[in-house]
Amino acid sequence: MSIVVESINTKIRLITRVAFGFRSPEALIALAMLSLGGHPPRPPGRNHPRMSQ
């Protein structure tokens, strides 16, 4: 269990370095959610392949 926590902690530290120039902590939270949340956003203007049938 502690290995998983350390892995996530390391990933969040890397995301913090990437988000260094951002003006708000919400940007860091958004990057963390996108990277670690497990639900990638759908690109705008594109439909899911199953929905276009």
Side-chain angles (χ1 to χ4, degrees):
M1 181 70 167
S2 65
I3 294 173
V4 174
V5 172
E6 288 299 322
S7 172
I8 292 173
N9 189 25
T10 302
K11 290 175 185 175
I12 290 176
R13 286 182 188 192
L14 178 63
I15 292 168
T16 302
R17 284 189 212 136
V18 171
F20 178 68
F22 293 176
R23 297 179 184 202
S24 67
E26 287 81 15
L28 172 62
I29 293 168
L31 278 174
M33 294 296 288
L34 283 171
S35 299
L36 304 172
H39 298 289
R42 240 186 257 176
R46 297 185 184 212
N47 294 329
H48 192 274
R50 293 183 189 170
M51 296 177 89
S52 63
Q53 293 179 350

The criterion is side chain to side chain donor-acceptor pair (under 3.5 Å); which residues satisfy it with Ser24, sequence neighbours excluded? Glu26
Can you list the residues that meet the side-chain contact (heavy atoms from CB on, under 4.5 Å) rule with Ile29, with sequence neighbours excluded? Met33
Assigning hydrophobic clusters by single linkage (Ile, Leu, Val, Met, Phe, Trp, Tyr; side-chain heavy-atom cutoff under 4.5 Å), is Leu36 placed with Leu28? yes
By side-chain contact (heavy atoms from CB on, under 4.5 Å), Ser35 pairs with (sequence neighbours left out) Ile15
I'd like to check the side-chain contact (heavy atoms from CB on, under 4.5 Å) partners of Leu14; sequence neighbours left out, ordered by chain and number. Arg17
Partners meeting side-chain contact (heavy atoms from CB on, under 4.5 Å) with Ala30 (sequence neighbours left out): none
